[in-house]
Every structure is written in C-alpha cells, then in structure tokens.
Colleague: 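Below is one structure. I have some questions about it.
In what follows, chains carry the letters A, B, and so on, assigned in the order in which the sequence lines appear, proteins first and then strands, with residues in each chain numbered from 1. Values below: every heavy atom of this structure, side chains too, minus hydrogens, waters and symmetry copies.
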2 protein chains.
Amino acid sequence: MANVTIKILAKELGLSTAAISKALHDSHEISESTKQRVLALAKELNYIPNPYASSLRHRKSNTIAVVLPDVTDSFFSEAINGIESIAIEKDFHVLLYLTHERAQREETILKEFKSGRVDGIIMSISSETTNFDCIHDTFSKNMPIVFFDRICEQIDTAKIITNDFESGYLATRHLIEQGCKKITFLSNSDSLLITKNRKEGALKACLENAIEESFLHVKLDCYANEFDSEKIEQLLTSEQKPDGIVCCIEKFTPNVYIVCRKLGLSIPKDIKVLSFSNLNTAIILNPSLTTITQPAFEMGKAAATILIKSIEKKSFILKDETITLPSTLFIRDSTTN
Amino acid sequence: MANVTIKILAKELGLSTAAISKALHDSHEISESTKQRVLALAKELNYIPNPYASSLRHRKSNTIAVVLPDVTDSFFSEAINGIESIAIEKDFHVLLYLTHERAQREETILKEFKSGRVDGIIMSISSETTNFDCIHDTFSKNMPIVFFDRICEQIDTAKIITNDFESGYLATRHLIEQGCKKITFLSNSDSLLITKNRKEGALKACLENAIEESFLHVKLDCYANEFDSEKIEQLLTSEQKPDGIVCCIEKFTPNVYIVCRKLGLSIPKDIKVLSFSNLNTAIILNPSLTTITQPAFEMGKAAATILIKSIEKKSFILKDETITLPSTLFIRDSTTN
DNA sequence: TTGAAAGCGCTAACAT
DNA sequence: ATGTTAGCGCTTTCAA
C-alpha cells in the first residue's frame with residue numbers, strides 16, 4: 001500500500017520533493033506548466049499522499065473521535081449519522097469508541113487521546129461516570145471536546161443538549177392528564193445530568209399536581225437485562241406499583257412491556273408507559289409507544305460542526321456554551337385511554 | 001497535545017533516543033536499571049507515544065476501517081459491537097465509514113484506503129454496488145479486506161455470512177405452513193448476493209409447494225420512505241396482493257405494518273409478515289414480529305478476529321474462505337394464527 | 001520558479 | 001549496554 005511517494009514523483013520528473021509538494025498544494029511558487037506535469041503524473045501513477053506523514057508534520061490528523069456509551073441505541077446511531085454527514089463534508093475521519101456505560105473504559109479511551117491521534121472529541125459520557133478528572137485533563141491539554149446529550153457540566157466547553165427538564169415535565173404532565181397518580185421514573189443513572197434534569201422535570205409535574213408523595217425514582221442497570229426484568233417485576237408487584245412509567249432510555253421498554261404482559265397488566269389501561277426514544281418502530285409497538293424523541297441527527301451535526309470549526313480556526317475557541325435543541329413528545333396509545 | 005517526546009526523555013536522562021525507545025519496548029538490550037529509570041520518568045512526565053510517528057516508521061497504523069451501509073440498522077450496530085470487542089482486545093482503532101447504500105460513496109471511501117490510513121478493512125457492501133473494480137483494486141494492492149453479510153463474491157478473501165438461502169427457505173416454508181399461498185419477497189437490492197440467496201431460498205419453498213406462480217419479488221428503495229409506503233400500498237391493493245411477506249431488511253417493517261393498518265388488513269389473519277431483523281423490540285410489536293435473526297455480534301467478532309490475525313501475522317493469508325454462522329428463526333405472532 | 005536541508009517523533013541497523 | 005545514524009513521507013523555511 002501507498003508505494004507511490006512524492007520522492008518517486010520527484011525522481012520521475014527530475015524535480016525536488018519540495019517542488020512536488022508545492023505543486024500538489026497548488027502553491028503560487030510553482031509555475032503552471034510544472035503543476036500540470038506533476039498533477040498529470042500523480043494521477044497516472046495513482047499517487048495518494050500518506051496521511052500519517054503529513055499528520056506528523058502538521059500535528060493535525062483530520063480525525064475526530066466519537067465516544068459513546070452504546071451504538072445500538074437509536075439515539076446514538078442517529079447522532080452518528082449526523083456527525084458523519086459533517087465529517088464527510090469537511091474531509092474528516094471518524095474514530096468510533098464505545099464505553100458500554102463503563103467509566104473505566106471511558107478513562108482508558110480518553111487517556112489515549114493525549115497521543116495526538118485525534119484533533120478533537122465528540123462525546124456523551126457513560127451513565128457511571130462521576131469523576132471527570134481524566135476528561136478535564138485531556139481537555140486542559142488543548143484537546144477540543146464537544147459534549148452532546150450526556151454532557152459534563154464541569155468542563156468549560158460547548159455542549160449540545162435537548163430540553164431535558166422540560167421534556168421530563170411535559171411527559172409527566174401528559175401522564176397525569178391521562179389520569180396517572182403514581183409516577184415512576186425508570187432511570188439509567190444516578191449521576192447523569194440529563195437524567196437528573198428529566199427527573200426534576202417529572203417531579204415538578206408531580207408537585208404541581210400534589211402527587212409527589214408517590215413519585216418513585218428507580219435506577220436500572222443498563223447492562224443487566226434479566227436483573228432489570230426482576231427489578232421491574234418487583235416494582236410492579238409492590239405496594240408502590242405505579243400507574244405511569246417514564247423510561248429514561250429506550251432499552252428499558254421491552255422489559256417493561258414484557259413484564260406488564262406477564263403480570264396481566266394492560267398498557268395503557270392499568271399502567272401508562274412512555275419512553276425517551278428515537279426508534280422508528282415505536283409507532284408499531286403493542287401498544288404504540290408514546291415517546292420523547294430527541295433531534296439526534298441534528299445534535300450530531302451541531303456537535304461535529306462546532307468541533308470541526310474549532311479545529312480549523314484556532315481563533316474560534318470553544319466557549320462554555322450550551323446549545324439546546326428541542327425534543328418532541330409523540331403521544332401514542334401507550335399513554336392514552 | 002503530545003508534547004512529551006522520546007527526545008525530551010532522552011535529554012532529561014542523559015540517554016540517547018534509541019535507548020529510550022528500546023527501554024520503552026522492554027528490549028533485552030537495555031539494562032533493568034535504565035529501563036526502570038525510563039519508565040519512571042515516562043510515567044512522571046506522562047509520556048504518550050505519537051501514534052503517527054510510529055505508524056510512519058512501521059507502515060502500520062493499528063487501525064481498521066469499518067465500511068457499512070447504515071449504522072441505524074440493528075444488525076449493523078450489533079456487528080459494530082462485535083468488531084469493537086475484538087479491536088479493543090487487540091489494541092486496534094476503528095474508523096467508521098457509512099456508505100448510506102450509495103455505490104458512489106463507497107468508491108470514494110475505498111479509494112482513500114490506498115493511502116495506508118488503515119491496515120485492513122471490514123465491509124458490507126451497499127445495495128447499489130454492482131461494480132467491484134474499486135474494491136478489487138485496493139484489495140489487490142495488498143490491503144486485507146474481510147467481508148461480512150453483504151459480501152463481494154468476486155474478491156478472493158475471507159467472508160463471514162449467514163445461511164441466507166436456508167433462512168429464506170425456512171422463513172417461507174414457515175409462512176406456507178401457516179397457510180400462505182401468495183408470497184412476496186420485499187427486497188432491498190437487485191444485486192446483493194445475500195438478497196439473491198434469500199430470495200432463491202424463498203422461491204424453493206414456493207416451488208416445493210407449487211405456489212411459485214404467485215411469488216413476487218418487489219424491490220424497495222432503502223432510502224425513500226414515503227415512496228416505499230406507496231409501493232407497498234400499491235402491492236397490497238393490487239391483484240397480486242400477497243398473503244405472506246418476507247422483509248429482507250427491518251427498515252421495511254414499520255411501513256408494512258402501517259400500510260396494513262391503513263388498509264384494514266389484519267396481521268396475521270389477512271397477511272403474514274416476517275422480517276430479517278435484530279431489533280429487540282420485535283417481541284413487543286403489534287403483533288410481535290417473526291424474525292430471522294442473524295448472529296450479528298458474532299459475525300462482527302469473527303470478521304475482526306480474522307482481519308486482525310491477517311494483519312498481525314503476514315504468514316496468515318486471507319483465503320477465499322467463507323465462514324457461515326447460522327441465523328435463527330423466531331416465530332412470533334405476525335405469522336401464526 | 002526551483003532546490004537543499006532540516007525536522008515532525010519514532011525505530012532499527014549498525015556501531016561502540 | 002548504549003549511542004550514532006539514517007530514514008519512514010511530507011512540509012517548510014531559506015537559499016539559489
């Protein structure tokens with residue numbers, strides 16, 4: 001691979017490597033005629049520049065890292081589409097790293113970025129992450145980071161989020177309007193800001209309707225499926241059995257549906273269920289699932305746009321700035337009578 | 001970023017850069033005591049090797065490319081998980097490229113790989129791809145490629161697939177056993193081998209039951225949602241209206257369900273539907289969806305394992321070898337009376 | 001307009 | 001056991 005080098009072109013044309021390099025970059029120092037000759041030969045020999053050689057010189061890799069908890073979540077995979085659409089446009093390459101919701105993995109990944117492998121990072125932190133030293137450390141070493149969705153408040157950089165508090169509020173208010181009096185918030189984390197905000201929003205709706213006494217916050221483990229089922233079953237057979245559930249993450253929905261079926265609980269009659277989700281099967285679930293759908297693609301796009309801008313123009317500095325794109329509540333059968 | 005270099009360590013310790021390099025690689029040429037000193041300082045100064053410098057020397061990037069049509073498809077996102085699990089283990093990095101089912105994009109992406117940016121490629125070709133010159137070209141330049149699922153027969157390399165013919169056959173036989181007499185195969189491509197094989201399998205089942213006359217092959221455009229809906233509606237209101245549908249790709253399912261609902265067709269009573277899919281919401285659809293589920297994670301794992309082996313040991317040459325992992329038919333309500 | 005030379009950071013052959 | 005040197009492929013002064 002990559003055998004045709006500038007050196008070869010130079011020898012072939014009786015020019016210096018410097019001249020070739022300049023010609024290839026359309027430098028004004030080089031005459032039109034030589035440029036033509038160089039371009040022609042480059043094309044003929046199928047010259048392709050070695051990206052690592054020029055990375056080494058430039059200290060720029062034209063590569064960004066995308067660090068995510070879970071690529072099978074529809075929100076994240078759509079966000080990747082958004083990121084990729086910009087990367088392609090700006091001629092950037094995308095390294096994908098998955099944390100699988102583990103803080104430990106995240107740390108290892110982030111440390112590696114101090115190597116200069118990437119010019120910037122787009123990330124959504126894991127549900128476990130509580131210590132931000134490592135993130136802060138690589139960020140403070142001049143590595144641009146843009147957070148999206150699961151942001152890290154403590155880092156003074158750009159953040160792309162949705163209106164989580166409001167979404168939690170509207171979702172819960174909707175449940176209450178549909179007659180729910182005992183709301184449970186199925187959470188994926190005790191630490192994530194988005195989860196906290198969604199929960200706070202939910203709680204506000206409960207408070208406004210004086211049903212905060214029965215509000216429950218139940219944390220499930222995103223990566224222990226059977227265990228989750230048990231926990232849901234416990235919940236739904238306990239004294240505190242809710243009549244309305246807000247799932248913080250789409251992954252919980254199948255278990256909730258299945259346990260309800262097993263227990264003979266009808267959705268939405270006995271219990272109403274709603275989830276944050278971007279799944280396009282939501283509409284054909286049984287019953288169709290009311291969702292809060294985030295603008296995943298747009299968020300990815302925004303994150304990539306800002307990140308790449310900050311990489312390309314050093315005058316553009318990532319401010320501690322939060323861009324909020326609104327989510328949409330799609331009301332479907334799982335919450336309506 | 002990446003400011004601490006071997007040179008700095010060398011100066012600091014009064015050693016040559018060569019000695020540092022060897023010490024860091026635990027060479028037997030270096031005394032234990034200096035190794036200790038070097039390691040200690042490296043740790044203290046937080047030395048992190050520049051990957052591009054060593055890539056340049058070694059002509060090895062420890063990076064693989066994953067080229068996919070669509071990251072939001074549950075099959076592909078699970079496959080990424082499998083690939084990533086091996087990449088992490090073997091200390092490889094993963095560059096993600098999406099073709100969005102466009103041959104043109106695929107070609108551009110593949111050409112770039114001649115630059116030496118990656119040591120190998122894992123790919124699943126687009127539904128449009130009919131010309132393999134470009135793939136062949138980069139493959140013949142000594143770039144290892146492993147195909148999975150949507151393979152390219154013409155290239156003499158390793159391929160990880162599932163038993164597509166058999167799956168198509170079993171799926172269709174199942175439909176016929178459930179009483180279907182007019183089967184339609186909703187296809188995503190006219191060229192993909194997997195699609196052809198699935199269809200052939202389906203046809204075989206029809207032939208065995210003498211209902212091949214009514215067998216239909218309808219191709220939908222993966223990226224034109226409304227258009228697909230129309231086409232499905234046409235199909236379901238035509239003379240040739242099937243009583244059994246095999247979806248080649250999960251993306252078609254929502255439209256099929258929705259159109260059926262719109263037309264007042266009951267699944268499974270009036271029409272039975274089945275799809276190739278890895279969605280874990282299949283079980284809670286209305287009705288729950290019968291699926292052929294491919295071992296996506298394992299396929300990704302297998303592809304990455306083989307690719308990386310061929311990168312690491314030059315003695316291991318990718319043979320034109322096909323590894324077939326079996327899919328599973330999960331029978332659910334969408335096909336049973 | 002072109003070339004010579006140095007160097008990005010790391011490594012490997014060949015001294016010492 | 002350690003150092004010297006050259007070079008991976010490309011870019012960028014600076015000199016011609």
Colleague: Nearest-Å distance, NZ (A:Lys60) to P (D:dT12)?
Modeller: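 In whole Å, D:dT12 P lies 12 Å from A:Lys60 NZ.
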Colleague: Using heavy atoms and a sub-4.0 Å distance, could you list which residues of residues 33-44 of chain A are near DNA chain C? By number, please.
Modeller: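 The answer is A:Thr34.
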Colleague: Show the atom names and distances, to 0.1 Å, of all donor-acceptor pairs under 3.5 Å that link a side chain in residues 73-80 of chain B to residues at least two apart or in another chain.
Modeller:
from: B:Asp73; atom 1: OD1; to: B:Phe75; atom 2: N; distance (Å): 2.8
from: B:Ser74; atom 1: OG; to: B:Glu250; atom 2: OE1; distance (Å): 2.5
from: B:Ser74; atom 1: OG; to: B:Glu250; atom 2: OE2; distance (Å): 3.2
from: B:Ser74; atom 1: OG; to: B:Asn278; atom 2: N; distance (Å): 3.2
from: B:Ser74; atom 1: OG; to: B:Leu279; atom 2: N; distance (Å): 3.1
from: B:Ser77; atom 1: OG; to: B:Asp73; atom 2: O; distance (Å): 3.4
from: B:Ser77; atom 1: OG; to: B:Ser74; atom 2: O; distance (Å): 3.4

Colleague: Look at the side chain of B:Arg57 and decide which nucleotide, out of D:dG7, C:dC8, D:dC10, has an atom nearest to it.
Modeller: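 Per side-chain heavy atoms of B:Arg57, the pick is D:dG7.
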Colleague: Show, in sequence, the C-alpha distance, side-chain angles and deciding distance for A:Glu128 and A:Ser189, and conclude whether the side chain to side chain donor-acceptor pair (under 3.5 Å) test is met.
Modeller: CA-CA 7 Å; A:Glu128 263 189 4; A:Ser189 169; over 6 Å; no
Colleague: Looking at B:Ser55, does any N or O in its side chain come under 4.0 Å of the phosphate oxygens OP1/OP2 on C:dC10?
Modeller: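 For C:dC10, OP1/OP2 do not have a side-chain N/O of B:Ser55 under 4.0 Å.
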Colleague: Using the ring-ring contact (aromatic ring centres under 6.0 Å, His included) rule, collect all pairs that involve residues 30-57 of chain B, keeping only residues at least two apart or in two chains.
Modeller: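 Every ring-ring contact (aromatic ring centres under 6.0 Å, His included) pair that includes a residue of residues 30-57 of chain B, provided the two are not neighbours, is A:Tyr52-B:Tyr52.
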Colleague: Could you check how far CG of B:Asn62 sits from P of C:dT11, rounded to whole Å?
Modeller: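 Rounding to the nearest Å, CG of B:Asn62 and P of C:dT11 are 12 Å apart.
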Colleague: Taking the side chain of B:Ile6 as its heavy atoms from C-beta onward, which of D:dT2, C:dT11, D:dT12 lies nearest to it?
Modeller: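 Given the options D:dT2, C:dT11, D:dT12, the side chain of B:Ile6 is closest to C:dT11.
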Colleague: Can you pull the side-chain hydrogen bond (donor to acceptor under 3.5 Å, both in side chains) pairs that have at least one residue in residues 146-159 of chain B, sequence neighbours excluded?
Modeller: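 Listed by first then second residue: B:Glu101-B:Arg150, B:Asp149-B:Gln294, B:Lys159-B:Asp320.
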Colleague: Taking NZ from A:Lys11 and P from C:dG3, how many angstroms apart are they, rounded to a whole number?
Modeller: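 Interatomic distance, NZ of A:Lys11 to P of C:dG3: 15 Å.
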Colleague: Does A:Ser315 have any side-chain contact (heavy atoms from CB on, under 4.5 Å) partners at least two apart in sequence or in another chain, and if so, which?
Modeller: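 Listed in chain order: A:Lys313.
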Colleague: With sequence neighbours excluded, what pairs up with A:Thr130 under the side-chain contact (heavy atoms from CB on, under 4.5 Å) test?
Modeller: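 A:Thr130: side-chain contact (heavy atoms from CB on, under 4.5 Å) contacts with A:Ser191.
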Colleague: Please state how far atom CD in B:Glu32 lies from atom C1' in D:dT2, giving the value in whole angstrom units.
Modeller: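 Going from B:Glu32 (CD) to D:dT2 (C1'), I get 15 Å.
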Colleague: Looking only at the side chain of B:Lys7 (C-beta and beyond, no hydrogens), which of the listed nucleotides C:dC8, D:dC8, C:dT2 gets closest?
Modeller: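 Closest nucleotide among those given: C:dC8.
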Colleague: Taking only residues at least two apart or on different chains, which pairs with a member in residues 86-98 of chain B satisfy side-chain hydrogen bond (donor to acceptor under 3.5 Å, both in side chains)?
Modeller: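 Qualifying pairs, neighbours excluded: A:His93-B:Tyr97, A:Tyr97-B:His93, A:Arg117-B:His93.
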Colleague: Return the value, rounded to whole Å, for the distance between atom CZ of A:Arg59 and atom P of C:dC10.
Modeller: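 Going from A:Arg59 (CZ) to C:dC10 (P), I get 10 Å.
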Colleague: When you measure from the side-chain N and O atoms of A:Tyr47 to the phosphate of D:dC10, is any distance below 4.0 Å, counting only OP1 and OP2?
Modeller: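 It does, given that an N or O in the side chain of A:Tyr47 lies less than 4.0 Å from OP1 or OP2 of D:dC10.
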Colleague: Could you work out, with side chain to side chain donor-acceptor pair (under 3.5 Å) as the rule, every residue matching B:Asn62, not counting sequence neighbours?
Modeller: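 Per chain and number, B:Asn62 pairs via side chain to side chain donor-acceptor pair (under 3.5 Å) with B:Lys60.
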Colleague: Choose from D:dG9, C:dG9, C:dT11 the nucleotide whose nearest atom is closest to any side-chain atom of B:His58.
Modeller: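 The nucleotide sitting nearest to the side chain is C:dT11.
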Colleague: Whole angstroms only, please: what is the CG-P distance between B:Leu56 and D:dA6?
Modeller: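 Rounded to whole Å, this separation is 18 Å.
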Colleague: Rounding to 10 degrees, work out the angle separating the end axes of the helix from C:dT1-D:dA16 to C:dT16-D:dA1 (five pairs an end).
Modeller: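 Answer rounded to 10°: the end axes differ by 50°.
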Colleague: Return the OG to CD1 distance between B:Ser115 and A:Ile48, rounded to the nearest 0.5 Å.
Modeller: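 Reported to 0.5 Å precision, the distance equals 6.5 Å.
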Colleague: Tell me the salt bridge (charged side-chain N to carboxylate O under 4.0 Å, His left out) pairs involving residues 16-25 of chain A, sequence neighbours left out?
Modeller: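 Matches after skipping sequence neighbours: A:Lys22-A:Glu29.
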Colleague: Where along residues 14-29 of chain A does a heavy atom fall under 4.0 Å from DNA chain D?
Modeller: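 Residues of residues 14-29 of chain A under 4.0 Å from DNA chain D: A:Thr17, A:Ala18, A:Ser21, A:Lys22, A:His25.
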Colleague: Using distance only, find each side-chain donor-acceptor pair of residues 7-21 of chain A under 3.5 Å and give its atom names and separation, not counting sequence neighbours.
Modeller:
from: A:Ser16; atom 1: OG; to: A:Ala18; atom 2: N; distance (Å): 3.4
from: A:Ser16; atom 1: OG; to: A:Ala19; atom 2: N; distance (Å): 3.0

Colleague: Mind checking whether A:Met123 and A:Thr99 have side chains closer than 4.5 Å, heavy atoms only?
Modeller: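 Answer no - side chains too far apart.
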